[in-house]
Amino acid sequence: MNESGTYRVEIEDSRITLKTTSFAVERGSVLHSGIYNREFSASLVGAAAAAAVLVFFALRGELQPVHYIVAAAVFVAAFPLARVFLFKEPCLETVFDLGEKTVSITLRKPFGSRTLRRRLDSLADIRIVHTRIEPENPDGVAFVKRIALQHGTVIPGFGQTEDFYSVELRFDGEAFTVLTTRTESEANAVVEKLRKYVEV
């Protein structure tokens with residue numbers, strides 16, 4: 001099992017599948033991910049739907065207790081639906097089919113998917129690419145941290161240098177990132193496992 005829980009390698013007969021929700025190098029958000037995340041966004045959608053129901057009933061007459069019960073039921077229904085359909089994380093699925101001698105990379109999103117296929121014999125290398133992202137404006141970072149501390153708030157990880165390790169498939173004149181992790185050992189483990197089954 002991987003440390004971050006963001007990817008999975010499945011081996012079945014002549015197929016090796018890598019599934020991950022982490023496949024892009026991105027700057028972290030100013031808002032802490034523990035506070036502002038997909039669950040929080042889904043709850044906002046649910047709250048907006050519940051508020052809309054209350055407004056609807058308020059425009060038609062005086063609000064009754066049953067109206068609040070209906071609004072609560074709408075929130076309870078809207079929250080999981082928004083989380084699953086609106087804020088579901090995209091998944092990248094890379095399949096090495098040794099029987100058909102193909103490599104397919106499929107990006108699955110809440111609304112549709114896209115697949116790219118290449119011949120396995122055109123795979124030239126599986127390698128790790130290291131990317132380091134440093135703060136562009138250290139003075140601005142220091143200023144924001146001072147303001148946050150004056151308000152008794154700490155922003156974890158804000159302004160820190162971030163290192164990413166991406167597993168990249170190189171074909172003839174093309175390169176595709178199929179996994180990105182903050183841990184070098186995870187990237188090494190995936191590359192070793194893929195190279196064990198795929199001759200490059």
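None of the values given here were measured: they were computed from a predicted structure.
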Q | Contacts of Tyr165 that satisfy ring-ring contact (aromatic ring centres under 6.0 Å, His included) - sequence neighbours left out | A |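 Result, ring-ring contact (aromatic ring centres under 6.0 Å, His included) vs Tyr165: His130.
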(Q) Which residues pass the ring-ring contact (aromatic ring centres under 6.0 Å, His included) test with Phe57, not counting sequence neighbours? (A)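 Phe57 satisfies ring-ring contact (aromatic ring centres under 6.0 Å, His included) with His67 only.
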Q. With sequence neighbours left out, which residue pairs that include part of residues 96-111 fulfil the salt bridge (charged side-chain N to carboxylate O under 4.0 Å, His left out) condition?
A.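 Non-adjacent pairs meeting salt bridge (charged side-chain N to carboxylate O under 4.0 Å, His left out): Arg15-Asp97, Glu93-Arg108.
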Q. Is the number of heavy atoms from other residues, nucleotides or ligands within 6.0 Å of CD (Gln64) greater than 12?
A.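 For Gln64, atom CD is crowded (more than 12 foreign heavy atoms under 6.0 Å).
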Under the rule for side-chain contact (heavy atoms from CB on, under 4.5 Å), what residues qualify as partners of [X], not counting sequence neighbours?
{"X": "Arg119", "result": "Asp121, Ser122"}
{"X": "Phe56", "result": "Arg60"}
{"X": "Ala49", "result": "Val74, Ala78"}
{"X": "Arg170", "result": "Asp125, Arg127, Glu168, Ala175"}

Using the side chain to side chain donor-acceptor pair (under 3.5 Å) criterion, which residues pair with [X]? Sequence neighbours excluded.
{"X": "Glu89", "value": "none"}
{"X": "Thr94", "value": "none"}
{"X": "Arg132", "value": "Asp163"}
{"X": "Thr106", "value": "Thr115"}

Q. Hydrophobic clusters join Ile, Leu, Val, Met, Phe, Trp and Tyr when side-chain heavy atoms are under 4.5 Å apart, directly or via other members; which others share one with Val55?
A.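 Under the 4.5 Å side-chain rule, Val55 groups with Leu59.
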(Q) Just verifying a value: how many Å separate Leu98 CG and Ile11 CD1, rounded to the nearest 0.5 Å? (A)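 Rounded to the nearest 0.5 Å, the CG-CD1 separation comes to 10.0 Å.
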(Q) Does Ser166 form a side chain to side chain donor-acceptor pair (under 3.5 Å) with Thr180? I'd like the steps, not just the answer. (A) CA-CA 4 Å; Ser166 300; Thr180 297; 3.2 Å; yes
(Q) Determine whether Leu169 and Phe96 satisfy the following criterion, side chain to side chain contact (heavy atoms under 4.5 Å, CB included), listing intermediate values before the conclusion. (A) CA-CA 11 Å; Leu169 305 183; Phe96 299 86; 3.9 Å; yes
Q | Cluster link Val129 to Leu123, ILVMFWY, side chain under 4.5 Å | A |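 No, Val129 does not connect to Leu123 through the hydrophobic network.
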So do the side chains of [X] and [Y] get within less than 4.5 Å of each other, counting heavy atoms only?
{"X": "Leu92", "Y": "Phe176", "answer": "no"}
{"X": "Val198", "Y": "Leu120", "answer": "yes"}
{"X": "Thr102", "Y": "Arg117", "answer": "no"}

